[in-house]
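Okay, so here's the structure we're looking at.
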Number of protein chains: 4
Amino acid sequence: MDDEQRRRGRPRSAEADRAILEAARDLLIADGYEQLTMQAIAERAGVGRQTVYRRWPSKAGIVAEAVMAGLLSPVPSDMAGGADATAPADLRAWLHAAAVGLSDATNLTIVRALAAAAAETDAGAIRLYRAFTEQGRTDLIDLLRTAVARCEVRADADLEAAADAIQGAVLYTALAYRPPKVEHLDSLADLLLAGLAPR
Amino acid sequence: MDDEQRRRGRPRSAEADRAILEAARDLLIADGYEQLTMQAIAERAGVGRQTVYRRWPSKAGIVAEAVMAGLLSPVPSDMAGGADATAPADLRAWLHAAAVGLSDATNLTIVRALAAAAAETDAGAIRLYRAFTEQGRTDLIDLLRTAVARCEVRADADLEAAADAIQGAVLYTALAYRPPKVEHLDSLADLLLAGLAPR
Amino acid sequence: MDDEQRRRGRPRSAEADRAILEAARDLLIADGYEQLTMQAIAERAGVGRQTVYRRWPSKAGIVAEAVMAGLLSPVPSDMAGGADATAPADLRAWLHAAAVGLSDATNLTIVRALAAAAAETDAGAIRLYRAFTEQGRTDLIDLLRTAVARCEVRADADLEAAADAIQGAVLYTALAYRPPKVEHLDSLADLLLAGLAPR
Amino acid sequence: MDDEQRRRGRPRSAEADRAILEAARDLLIADGYEQLTMQAIAERAGVGRQTVYRRWPSKAGIVAEAVMAGLLSPVPSDMAGGADATAPADLRAWLHAAAVGLSDATNLTIVRALAAAAAETDAGAIRLYRAFTEQGRTDLIDLLRTAVARCEVRADADLEAAADAIQGAVLYTALAYRPPKVEHLDSLADLLLAGLAPR
DNA sequence: TTTTAAGCGAGACGGTACGTCGTGTCTTGTT
DNA sequence: AACAAGACACGACGTACCGTCTCGCTTAAAA
């Protein structure tokens, strides 16, 4: 089966793809989503405007792709707990890392941009949010699953729901408080751990 | 003593204020935040463009004001539990109401618009989110406080943190899932209630 | 009989009249007719906008009035020839004075403004041009009539036609040449004097 | 050798140039210079507003170009005298034709528009007047030169000064009198011919 | 090889919204 | 009444982007 029939004519420049996404990321971080324009992206990428449109129909699409490509990841994801870690410590560490990450103006800008981009696609909004939070979600679920194995979390808990709740709470706290309410996140950790603890 | 020194010249039309906010709300719900333009707002409000700019510098400001004025309240707020209600029932009822509210395309549009508006103000973003969620937050805290009084929730719980976490989780679920994962919210309720329960 | 029935209410401020015309003149000289606005006139005159509109319907009207009031006279008019003057000398003196007057940037600006103002009134254009040139026309005709009396100009010459021709030629030369072609005006004087001389 | 280095990008539409100038001319004739707007020009030309600004910075520039392009020539120029014509007859014929031309409301509107356009360019004013009158000036000088050859005009006359004076007088008469004073022009012709006649 | 087809930078095109400014009118309270 | 102040509906200003469309050119597969 031949899935790749070579298209004729000059092939698209992979370099241009990269340059466009990077330009979009840089401008996004610098000026925010609203100020981001196709025009400016093309100029900064050193690329014709049509070359951008040939690839993506709108800036929301570009931002989405940049997120997918991992060019815009807000929270450092390597929160794998050490051998001697416990569930409470792991969870608190994750939440603290998230809080620190979202304290940074750049990352906050990215989150807001994401929200703005999601507001105009409608169809892509869900995909966009999921892509953005996928890594953290996986990490959290792994973390909790490990805790279940250690009998620090009860076996019948809905880990996915917990992970979503944590991410939602973290994002909301980051967006609605400046500086982020770290004590809220600590309380949240206590609360969840109490709820998740084996009876 | 009259501290109200009458300002000179023709006073601003309160009618125009109202018309502008309503026009903005209608257009926002109909077309989304990105399509919303100062031009269109003015036209629909039957008002000169300058009359809009005289009051608000940008569409983000108008949306913010509309939120403050309660013209855009996403979640029905009269969730006061009945006399025989219990904490689990109340919380589940609130979460269900929120889920139902955010299932509505109109309210989802509003939430997304809010996120987009918040992305471009920077200074006003926090104020905006807080205004938007204030009512629900108050309701939730009241609800939980009542539960504390009934000894259904332990006295040393951080109710504010819980309320923020709930709102964040609900909003995130609404934005990242379509249709909203009601079962997630149910699990979330279980989790929180377990965590909040007296030891 | 008193046909002047006193009007009721507060009488119009003569001071305002003056201030408006002077403001218009100053702004006109400074920035040209196109930049002249009712707004700016009112502000510079220290007067409400309505106070201007109450008196004149448009900037063309104000400029016309300013011309009528002699606030904008381009050519110094005291060209009355001395007792020992002769027609050739008088005419050359007048043309030189006109050329010198129109060499001044201020006066040139005024002439151009006049042309612009005349372009938009249509009805008032003729009145405007005539008011502007009336003084010079009268002077010229007097000058020529004196010359007729001295038998330096033949009696059957059409002095009005000559005066109009002179003014037209002078204005055109001022508008179409920069610096003004004084030698053209000298040649014109020669030409006209030859044509006007007694046979 | 090719000194014409091809400019990059899509070339400007010559069609748009033409459409804009024609639209400007039509609107100018219809409504006068003051009512002429870049907006209206673009609409009538069926062209984007930017396409107009890309070419000319202001309506004065457009009017100037239209004059240069001969789209706005007020006086029919083919006044070449017949074989049996004489200087007096030719000159009178020219003046009459000019008077007739400027009697027409359209042409008068154009002349006034020209004056208004000239009032706001300052730099281009002279160029504009000269372009507008160039054809007539040339015709007049030719006419007078022919008369010199026939010994109907003396050889040392300053023909350029005479031509400018005639044009100025004609334009002024057209602007300051309504209906134009044809008898003044006749008198002017007599006067000039007497002045120009060989001694 | 030559042809053909697509990509590319550049920039003009018809549009639309921006935010500002001026217009002429209309309230305000004061003189 | 007239006045200063200033809001009002309106509409043109000149700019910035939108998404599309030529241009001349490059690039690489197909003929």
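Chain naming here is simple, since letters A, B, ... match the order of the sequence lines and numbering starts at 1 in each. Hydrogens, waters and symmetry mates play no part in the numbers below; they use all other heavy atoms, side chains included. These numbers were taken from a predicted model, which means no experiment stands behind them.
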### Query
Expressed in angstrom and rounded to an integer, what is the separation of D/Arg49 atom CZ from F/dC17 atom P?
16 Å
### Nearest-Å distance for atom pair CG/P, residues B/Leu27 and E/dT16
17 Å
### Query
Whole Å only: how far is the CD atom of D/Gln39 from the P atom of F/dC10?
16 Å
### Task
Starting from P on F/dA16, measure out to CD on A/Glu43 and report it in whole angstrom.
11 Å
### Message
Nearest whole Å is fine: how far is F/dA16 P from A/Met38 CE?
### Response
19 Å
### Query
Quick one: is B/Thr51 getting a side-chain N or O under 4.0 Å of the F/dA9 phosphate, OP1 or OP2?
yes
### Query
Can you tell me how far C1' of E/dA12 sits from CD of A/Gln50, to the nearest Å?
13 Å
### Message
For a quick test of reading the model: is some side-chain N or O of D/Thr37 closer than 4.0 Å to OP1 or OP2 of F/dA12?
### Response
no
### Query
Starting at the 5' end of DNA chain E, which residue's closest nucleotide do you reach first, D/Pro11 or B/Gln35?
D/Pro11
### Task
Report the distance from atom CZ of B/Phe132 to atom CZ of B/Arg127, rounding to the nearest 0.5 Å.
15.5 Å
## Note on the structure
When C/Arg54 and D/Ala40 are each assigned the nearest nucleotide of DNA chain F, the 5'-most assignment goes to C/Arg54
### Summary
Looking only at E/dC18, F/dT15, E/dC13, the nucleotide nearest the D/Tyr53 side chain is F/dT15
### Minimum heavy-atom distance C/Leu27-C/Arg44, with the two atoms named
CG-CD, 3.7 Å
### Electrostatic pair D/Asp17-D/Arg55, nearest N-O below 4.0 angstrom
yes
### Query
Rounded to whole angstrom units, what separation is found between the CG atom of C/Leu36 and the P atom of E/dT23?
9 Å
#### Entry: Check: F/dC8 base within 3.5 Å donor-acceptor of B/Arg10 side chain
no
### Query
When you measure from the side chain of C/Thr51 to the backbone N and O of C/Val47, does any donor-acceptor pair fall under 3.5 Å?
no
#### Entry: Along DNA chain F (nearest heavy atom to each residue), the more 5'-positioned of C/Gly46 and D/Gly9
C/Gly46
### Interatomic distance, A/Glu15 CD vs E/dC8 C1' [rounded to whole Å]
13 Å
### From A/Leu28, A/Ile62, A/Asp26, A/Leu21, residue fulfilling side chain to side chain contact (heavy atoms under 4.5 Å, CB included) relative to A/Ile41
A/Ile62
